[in-house]
There are 2 protein chains.
Amino acid sequence: MTTGRGIRLRDVAREAGVHIATASRALNPRTRDRVHPRTAAKVDEAAARLGYEVNLAARTLRTQRSEMVGVLIPDISRPLYPPMMRGIVDVLEQHGYSALLLATDEDEQRERRLVASLRARGVDGFILATAHLRHPLLADAATLGVPTVTLNRTATDASVSSVAPDNEAGMADVATHLVALGHRHIAHVAGPTDTSTGQARAAGLHQALGRLGVTIEPVVDVATDTYSIAEGVRATRRLLMSGAPFTAIVTGNDLLALGALDVLRENRIDCPGQVSVTGFNDLPMMDRVTPALTTVRVPQYEMGRTAARLLVAQLLGEGGEDEASAGPVAVEVRHEVLPVELIVRESTGRPPTNGARRPSGRGRVRAATG
Amino acid sequence: MTTGRGIRLRDVAREAGVHIATASRALNPRTRDRVHPRTAAKVDEAAARLGYEVNLAARTLRTQRSEMVGVLIPDISRPLYPPMMRGIVDVLEQHGYSALLLATDEDEQRERRLVASLRARGVDGFILATAHLRHPLLADAATLGVPTVTLNRTATDASVSSVAPDNEAGMADVATHLVALGHRHIAHVAGPTDTSTGQARAAGLHQALGRLGVTIEPVVDVATDTYSIAEGVRATRRLLMSGAPFTAIVTGNDLLALGALDVLRENRIDCPGQVSVTGFNDLPMMDRVTPALTTVRVPQYEMGRTAARLLVAQLLGEGGEDEASAGPVAVEVRHEVLPVELIVRESTGRPPTNGARRPSGRGRVRAATG
DNA sequence: CTGTTAGCGCGTTCAG
DNA sequence: CTGAACGCGCTAACAG
């Protein structure tokens with residue numbers, strides 16, 4: 001109700017008729033029980049009357065804890081991330097932490113700069129959302145002793161906690177689904193091999209198909225450089241050019257799948273009539289594209305929440321750390337793998353009854369543009 | 001390369017063989033020119049060697065400027081916001097500011113709490129993304145003297161800068177487009193009346209149609225409570241129930257339009273064959289739903305950038321403020337209205353040749369579920 | 001349970 | 001152009 005500007009602890013203390021330190025203890029939840037309830041009440045009242053708000057910069061300077069977490073996301077406008085971010089923010093807020101959001105664009109230079117600025121700000125921890133495997137930062141962050149959790153990146157580094165979807169299980173579901181429908185000739189538009197999701201999903205698919213007695217011909221197993229519609233287009237064109245037969249395309253990500261659908265459409269190949277397509281992630285609106293995409297739902301919001309919970313647990317754990325344990329302070333490292341769910345929609349169906357054949361003549365494939 | 005942890009200015013000063021104050025001046029861009037170039041170079045070198053990183057908590061405590069901005073967004077996982085956030089982050093980063101992202105869910109209580117915590121953190125400014133008109137916070141923020149910019153909310157408060165799309169022009173384009181196609185009986189699923197976008201778009205539509213000599217019958221002019229697919233469904237069902245004739249539905253937002261498309265589909269009313277539909281915003285994937293949505297593109301990323309620029313301008317302006325000007329410090333308040341663009345896709349076409357009639361019998365309208 | 005004292009790391013006076 | 005001293009607002013240690 002009042003200004004709250006420039007009101008310091010000493011003002012509250014004077015107003016309440018107690019010493020500044022007493023006011024501090026009364027107002028800080030962690031130390032409130034060290035003060036007489038009646039005194040605490042008086043302080044509360046004075047603080048409320050004056051509109052006092054603690055100065056966190058001062059507290060941070062004193063305690064070396066900023067109660068802020070740095071969240072590094074390549075690009076929040078890519079649809080995979082917003083639900084994750086929301087999950088992160090929700091959990092952090094619950095524990096009194098705030099989220100500093102930075103865009104990395106997966107640019108190493110930029111990342112280093114941003115992390116440096118976050119360290120300068122004294123963030124208590126990092127959440128690093130990236131699937132890229134080469135990530136020099138990780139070694140740094142761990143080395144520099146700032147608690148870190150990676151998000152959407154399967155654990156490869158034993159020293160940093162991680163949260164990732166169960167890519168293998170998702171691909172196993174996809175494989176089972178397609179084989180049950182009767183598909184035997186399956187093509188694969190794989191995600192980038194320098195991402196953990198790309199690798200894990202590709203491996204999961206191959207393993208599952210192997211168990212089912214189906215193999216993917218190398219000529220119809222193509223990789224992409226990035227997760228994007230354009231890359232999906234490029235890769236699917238290559239598939240068609242190969243002339244090899246297939247009745248289904250498994251992709252590593254919904255955007256790649258959208259690109260595949262575009263290429264099928266431009267070549268007048270019916271989906272799912274002639275060729276089935278699957279995606280991964282279940283991004284928003286995937287139920288509304290045409291045909292509605294069969295895909296693997298990744299619990300994005302829950303992944304964000306989990307990452308934040310893991311980080312907060314470390315943060316709180318560290319604070320209460322007794323120095324009893326000698327040796328390197330064993331921060332508990334955990335690797336959470338969250339369950340995924342196959343969502344069957346309209347882009348998958350039985351293969352054509354006349355069996356697998358080249359879905360299109362080479363000459364009919366449109367040349368790539370641009 | 002080195003740890004950077006626990007390295008203080010005094011360490012750098014000692015390493016460089018100068019006084020701590022000199023090191024401070026050399027390292028701070030604003031005061032660097034007050035020190036001898038050779039001395040500055042020595043300090044730089046020492047800082048680099050030691051991996052020094054300024055402690056921003058200390059600087060903030062001293063200077064009362066945190067170089068952080070609080071960004072309040074109802075829910076980052078709603079597709080309108082991520083591109084805005086990206087724009088904000090990009091511009092802020094350019095000027096050395098960081099973004100603290102909070103989720104408000106448009107809950108007033110929560111908002112107050114969050115704003116209080118941001119003030120406690122000493123943020124230098126706020127960006128408030130909300131279209132809701134009643135916003136007590138605004139008065140507060142302005143009153144408390146923290147520079148604020150509203151985003152996606154047309155100026156109603158003269159004291160706070162704002163960035164908003166040109167809703168009127170967008171609706172004028174929609175009206176012109178539909179009338180040119182031959183539509184004379186137009187229905188309207190309006191956005192919430194307690195939002196500035198809802199109001200401005202509704203007003204813009206009515207005005208434009210008025211100029212074109214077309215009026216919307218009150219029975220086919222329905223409002224919604226929120227921008228959501230479910231509300232679009234509810235409102236469109238009401239439209240059909242009314243029995244009044246129309247050949248086009250103009251909606252206040254893409255989600256409402258998706259709901260309208262759902263209801264048309266469930267009643268086997270062809271779009272655009274029997275009824276055309278328009279949206280607003282051009283959210284991601286609107287080119288891929290069926291039918292691809294004719295809508296008004298709002299420059300979300302650019303709006304984010306603009307909001308951040310306006311805020312930074314205020315922040316920098318304030319710092320350089322000479323006390324020469326007596327009276328209330330006139331922070332420059334600006335209201336930016338960004339141009340929009342009509343994107344014509346497949347959901348609009350000529351009205352049926354047999355003219356306007358009730359697109360569906362009352363009895364055929366499915367009852368609302370739930 | 002409360003008061004006293006000291007200092008977190010920095011920027012900014014004021015002298016020289 | 002550089003050095004000395006002070007204090008931003010708070011909390012942690014130590015007394016009492």
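Predicted model only: the values in this text are computed from it and were never measured. Here is the naming used below: chain letters follow the sequence lines, and residue numbers restart at 1 for every chain.
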Consider side chain to side chain donor-acceptor pair (under 3.5 Å). Of A:Gln314, A:His335, A:Arg334, which one does A:Ser161 pass it with? A:Gln314

In terms of side-chain heavy atoms of B:Asn55, which of C:dT5, D:dT11, C:dG9 is nearest? C:dG9

Of the listed nucleotides (C:dT2, D:dA4, D:dT2), which one gets closest to any side-chain atom of B:His19? D:dA4

Does the base of C:dG3 carry an N or O that pairs as donor and acceptor with the side chain of A:Arg25 under 3.5 Å? yes

Any B:His36 side-chain nitrogen or oxygen under 4.0 Å from OP1 or OP2 of D:dT2: no

Less than 3.5 Å apart, which donor and acceptor atoms pair up between the side chains of residues 34-42 of chain B and the rest of the protein, not counting sequence neighbours?
none

Of the nucleotides C:dT2, C:dC10, D:dG9, which has the atom closest to the A:Arg62 side chain? D:dG9

Between the two ends of the helix from C:dC1-D:dG16 to C:dG16-D:dC1, what is the bend in degrees, rounded to 10 degrees, where each end axis spans five pairs? 30°

Side-chain N or O of B:Thr63 versus OP1/OP2 of C:dG11: is the shortest distance under 4.0 Å? no

Counting just side-chain N and O atoms, does B:Gln64 come under 4.0 Å of either OP1 or OP2 of D:dG9? yes

So, is A:Arg34 close to the C:dC1 phosphate, meaning a side-chain N or O under 4.0 Å from OP1 or OP2? no

N-O pairing of B:Arg113 and B:Glu111 below 4.0 Å: no

Using 0.5 Å steps for rounding, measure from the CD1 atom of A:Ile20 to the CG atom of A:Leu9. 4.5 Å

Would you say the side-chain atoms of A:Ser66 pair up with the backbone N or O of A:Gly122, donor to acceptor, closer than 3.5 Å? yes

According to a strict under-4.0 Å criterion, is B:Ser24 in side-chain N/O contact with OP1 or OP2 of C:dG11? yes

Counting only side-chain heavy atoms from C-beta out, which of D:dC8, D:dA4, C:dG3 sits nearest to B:Ala21? D:dA4

Ignoring backbone atoms, establish whether B:Thr39 has a side-chain N or O less than 4.0 Å from OP1 or OP2 of D:dC1. no

Would one find a side-chain N or O of B:Asn28 under 4.0 angstrom from OP1 or OP2 of C:dG11? yes

